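All remarks here apply to the structure that follows.
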Protein chains: 2
Amino acid sequence: MSDGTDLKKAGLKATLPRLKILRILEEARVRHMAAEDVYKALLDMGDEVGLATVYRVLTQFESAGLVIRHNFEGGRSVFEINQGGHHDHIVCVECGEVFEFYDPAIEERQRKVAETMGFDVDSHSLYMYGVCLGMKREGKCSKQGRSRKSEILP
Amino acid sequence: MSDGTDLKKAGLKATLPRLKILRILEEARVRHMAAEDVYKALLDMGDEVGLATVYRVLTQFESAGLVIRHNFEGGRSVFEINQGGHHDHIVCVECGEVFEFYDPAIEERQRKVAETMGFDVDSHSLYMYGVCLGMKREGKCSKQGRSRKSEILP
DNA sequence: GTATATGCAAAACTTTTGCATCCTT
DNA sequence: AAGGATGCAAAAGTTTTGCATATAC
């Protein structure tokens, strides 16, 4: 994957920084990353990519539909690779982990509401914030013993 | 309204800046305002309140439950007075107007999803973005002939 | 070879903070 | 009178931009 085909299909030159960033987003254990997270991941891999480039590339990827930008609580933008299926998010405010879910009934009601109001909807986002089971019970994330790894929340 | 009772009830001294800001949020024609919007409204009224104070007060109001902070697209925080009934939002990306709606079925499904996932949910937000009927048909906002007055979107 | 992308540094924005002064209780 | 609130200016954090250089096609 990410051999550059998807980039060219999106009308973007397959440059090294773009390939690397795409790969990071595809392969990250933590699927939701702030620009700073991506930048740090590049540094950890020993790659020299400027933070400005990370921002530029992420924004281009968003326009091209390759990634989805989220505005969770906390100011910074968070990016997630777009692998097709739409889903909503439930964020643990203690461990920072982001869980995904999809509920057809919710989607259908949203569609209905927008129709009733005469809106042409481009996008929509549903975020829930709370404490995940793991943090509640054992003080460590339900997902993999993580505790506050990503930078997506304050 | 906003004679200071609600402030004192919230454990906040009834200072002039707080009273003024509360009044602006209560009486604004546009219910969803960025900090900068509130600041400008104060200036327009001839009141001298520092921008830093606006931020401090809005954050205190949020903690006290007097206002709700939204993170729409666009980076800046948007504030709305909390008049009790929870509702969701549908934002016109052309005129910037924010419309509200409430759908019991959506609320119930959300509750159900969180329960299934073992989350204790503190808060949740559902935003839809699109083009409102007015902008689509006549190039002016359905609500009141507005066109891009508030500062909440980029 | 040419157009586009990158890196760096500087700038633009939003939001927060330190500190002296002022105001509410 | 005393504690908390405000204003100003400075700082912090995030994201964008200008411009010379490097890179993909």
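Any value given below was found using the heavy atoms of this structure, including those in side chains, with hydrogens, waters and symmetry copies removed. Lettering follows sequence order; numbering is per chain, from 1. A quick note: this is a predicted structure, and the numbers were derived from the prediction, not measured.
Look at CG on Leu19(B): it is 13 Å from P on dA5(D), rounded to the nearest Å. Per the geometry, CG belonging to Leu7(B) stands 14 Å off C1' belonging to dG4(D), to the nearest Å. Atom-to-atom, CG of Asn71(A) to C1' of dT15(D) comes out at 13 Å; the value is rounded to the nearest Å. With rounding to whole Å, Glu62(A) atom CD is found 12 Å from dT15(D) atom P. In this structure, the CZ atom of Arg76(A) is 12 Å from the C1' atom of dA12(D), given to the nearest Å. Summarising the geometry, the separation between CD1 on Ile21(B) and P on dT6(D) is reported as 8 Å, rounded to the nearest angstrom.
Between the side chain of Asp37(A) and the backbone N or O of Ala34(A) there is at least one donor-acceptor pair closer than 3.5 Å.
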Below 3.5 Å between N/O atoms, which protein atoms pair up with nucleotides 20-25 of chain D? Just atom names and distances, please.
residue: dC25(D); atom: OP1; partner: Ala14(A); partner atom: N; Å: 3.3

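The bend of the helix from dG1(C)-dC25(D) to dT25(C)-dA1(D), defined by the angle between the axes of its first five and last five pairs, stands at 40° to the nearest 10°.
With sequence neighbours excluded, the residues satisfying side chain to side chain donor-acceptor pair (under 3.5 Å) with Tyr127(A) are His70(A). Not counting sequence neighbours, the partners of Arg31(B) by the side-chain contact (heavy atoms from CB on, under 4.5 Å) test are Glu80(B), Ile81(B), Gln83(B), His87(B), Glu100(B). Ala105(B) meets the side-chain contact (heavy atoms from CB on, under 4.5 Å) test with Arg109(A), Asp103(B); sequence neighbours excluded. Asp120(A) meets the side-chain contact (heavy atoms from CB on, under 4.5 Å) test with Lys136(B); sequence neighbours excluded. Applying the side-chain contact (heavy atoms from CB on, under 4.5 Å) criterion to Ser123(A), with sequence neighbours excluded, gives Glu73(B), Tyr129(B).
Side-chain contacts under 4.5 Å among hydrophobic residues (ILVMFWY), followed directly or transitively, place Ile68(A) with no other residue at all. When hydrophobic side chains of Ile, Leu, Val, Met, Phe, Trp and Tyr are connected at separations under 4.5 Å, Leu133(A) ends up as a singleton with no cluster partners.
In terms of phosphate contacts, Tyr55(A) brings no side-chain nitrogen or oxygen within less than 4.0 Å of OP1 or OP2 of dT16(D).
Sorted by first and then second residue, the ring-ring contact (aromatic ring centres under 6.0 Å, His included) pairs involving residues 95-124 of chain B (not counting sequence neighbours) are Phe99(A)-Phe119(B), Phe119(A)-Phe99(B), His86(B)-His124(B). Each salt bridge (Lys or Arg N to Asp or Glu O under 4.0 Å) pair with one or both residues in residues 48-64 of chain A, not counting sequence neighbours, appears once here: Glu62(A)-Arg69(A).
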Item to complete: Using the salt bridge (Lys or Arg N to Asp or Glu O under 4.0 Å) rule, take Arg111(A) and Glu108(A) through it: C-alpha gap first, then chi angles, then the decisive distance, then the call.
Response: CA-CA 5 Å; Arg111(A) 209 192 49 65; Glu108(A) 173 55 17; 3.1 Å; yes
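Residue contacts shown for Arg18(B) are limited to sugar-phosphate atoms, with no base heavy atom under 4.0 Å away.
Comparing Ala52(B) and Val49(A) against DNA chain C, the residue whose closest nucleotide sits nearer the 5' end is Val49(A).
In 5' to 3' order, the nucleotides of DNA chain C bounding all contacts with chain B (an atom under 4.0 Å from a heavy atom) are dT14(C) to dT25(C).
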